[in-house]
Structure formats: structure tokens, C-alpha cells
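To start, the structure under review is shown below, and the notes come after it.
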Amino acid sequence: MGADNSSWQGVSLGESMADVTTSIGPPLLLRSIIKGSTFSWNRTASPDAYLTIIANDDRVETIQVLSSRRGLIKEVKDPFGIAL
């Protein structure tokens, strides 16, 4: 299986936050940070992992997945299909 480097957990760099909300739902937490940027905390396919997004001028700049427990999170996979 090849990697899709254009997105991570259904979110793409440069995508508008309005489109992100449409595709993955509203964030659990949304905060304004430095220089017009926003930080959002979002759900993933697993209740044990969360997606954090930093956006600037309403465009995605950073995407991270954070786990709330040790071990593999089978529902959350990297672009190569490997469970995290």
C-alpha cells in the first residue's frame, strides 16, 4: 500500500478549517494562539487518540495525533497504513 502524503487522518495541510470541520466534525476544543493562529483538539476514529491542528489564517499548518494510552491504537494509522 502506498503512502498518501497529502493528508493525515483525513486532514490536509493548507485545507481550510471550515472544510476540516465539515469532514471530521467540530473540535472538542478551539483556542486562539499567537498572531491569528488557532489550536484545535479533535476526535479520531479511536476514543484513545486525538488529533491536534494548528491553523494560521484559517489554513491547516500542523497536524498531530496524540494518544491517551500506551500501546498501539489500531484505528489510527500513518499514511503507510501502520497502526500507531
Side-chain angles (χ1 to χ4, degrees):
M1 172 176 5
D4 177 6
N5 295 322
S6 64
S7 70
W8 173 242
Q9 302 302 305
V11 178
S12 299
L13 294 175
E15 184 175 6
S16 76
M17 286 305 293
D19 289 344
V20 169
T21 299
T22 298
S23 66
I24 67 169
L28 299 169
L29 174 74
L30 179 64
R31 292 287 184 260
S32 294
I33 55 176
I34 193 166
K35 296 184 179 182
S37 294
T38 57
F39 170 86
S40 65
W41 189 273
N42 306 271
R43 289 183 171 89
T44 66
S46 169
D48 296 318
Y50 298 91
L51 185 68
T52 63
I53 300 171
I54 295 177
N56 190 9
D57 293 328
D58 195 46
R59 297 283 171 188
V60 174
E61 286 189 342
T62 304
I63 307 164
Q64 283 186 303
V65 173
L66 302 174
S67 174
S68 62
R69 67 174 171 85
R70 289 183 181 180
L72 288 177
I73 307 287
K74 293 179 183 176
E75 302 88 352
V76 179
K77 298 182 177 171
D78 74 6
F80 296 95
I82 298 170
L84 301 178

When you compare the side chain of [Y] with that of [X], does any pair of heavy atoms fall below 4.5 Å?
{"X": "Thr52", "Y": "Asn42", "result": "no"}
{"X": "Ile53", "Y": "Glu61", "result": "no"}
{"X": "Glu15", "Y": "Ser23", "result": "yes"}

If two hydrophobic side chains count as joined below 4.5 Å and joins carry through other members, does [X] share a cluster with [Y]?
{"X": "Val60", "Y": "Leu28", "answer": "no"}
{"X": "Val65", "Y": "Ile63", "answer": "yes"}
{"X": "Met17", "Y": "Leu51", "answer": "yes"}

Hey, is the main chain of Trp8 close enough, under 3.5 Å, to the side chain of Ser12 for a donor-acceptor pair?
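No, Ser12 side chain to Trp8 backbone: no donor-acceptor pair under 3.5 Å.
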If I take atom [atom1] from residue [X] and atom [atom2] from residue [Y], how far apart are they, to the nearest 0.5 angstrom?
{"X": "Ser40", "Y": "Leu30", "atom1": "OG", "atom2": "CG", "answer": "6.0 Å"}
{"X": "Thr38", "Y": "Asp58", "atom1": "OG1", "atom2": "CG", "answer": "7.0 Å"}
{"X": "Leu72", "Y": "Ser67", "atom1": "CG", "atom2": "OG", "answer": "9.5 Å"}
{"X": "Ser46", "Y": "Ile73", "atom1": "OG", "atom2": "CD1", "answer": "4.5 Å"}
{"X": "Thr44", "Y": "Ile24", "atom1": "OG1", "atom2": "CD1", "answer": "9.5 Å"}
{"X": "Lys35", "Y": "Asp57", "atom1": "NZ", "atom2": "CG", "answer": "12.0 Å"}

Can Ser16 and Asp19 be counted as having a side-chain donor-acceptor contact under 3.5 angstrom?
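A pair is found: one side chain offers a donor N or O, the other an acceptor, under 3.5 Å apart.
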Tell me the ring pair (Phe, Tyr, Trp, His ring centres under 6.0 Å) pairs involving residues 55-76, sequence neighbours left out?
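Pairs touching residues 55-76 that pass the test: none.
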Summary of ring pair (Phe, Tyr, Trp, His ring centres under 6.0 Å) pairs that have at least one residue in residues 40-67, sequence neighbours excluded
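Passing the test, one end in residues 40-67: Trp41-Tyr50.
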Work out which heavy atom in Gln9 is nearest to a heavy atom in Lys77; give both atom names and the distance.
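Smallest interatomic distance, heavy atoms only, reads NE2-O, 2.8 Å.
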Should the heavy atoms of other residues, nucleotides or ligands under 6.0 Å from CD1 of Ile34 be counted, would the total exceed 12?
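For Ile34, atom CD1 is not crowded (no more than 12 foreign heavy atoms under 6.0 Å).
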Got a sec: does the CZ of Arg70 have more than 12 other heavy atoms crowding it under 6.0 Å?
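12 or below, so no.
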Those residues that, when tested against Arg31, pass salt bridge (Lys or Arg N to Asp or Glu O under 4.0 Å) (two or more places apart)
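Expected list: none.
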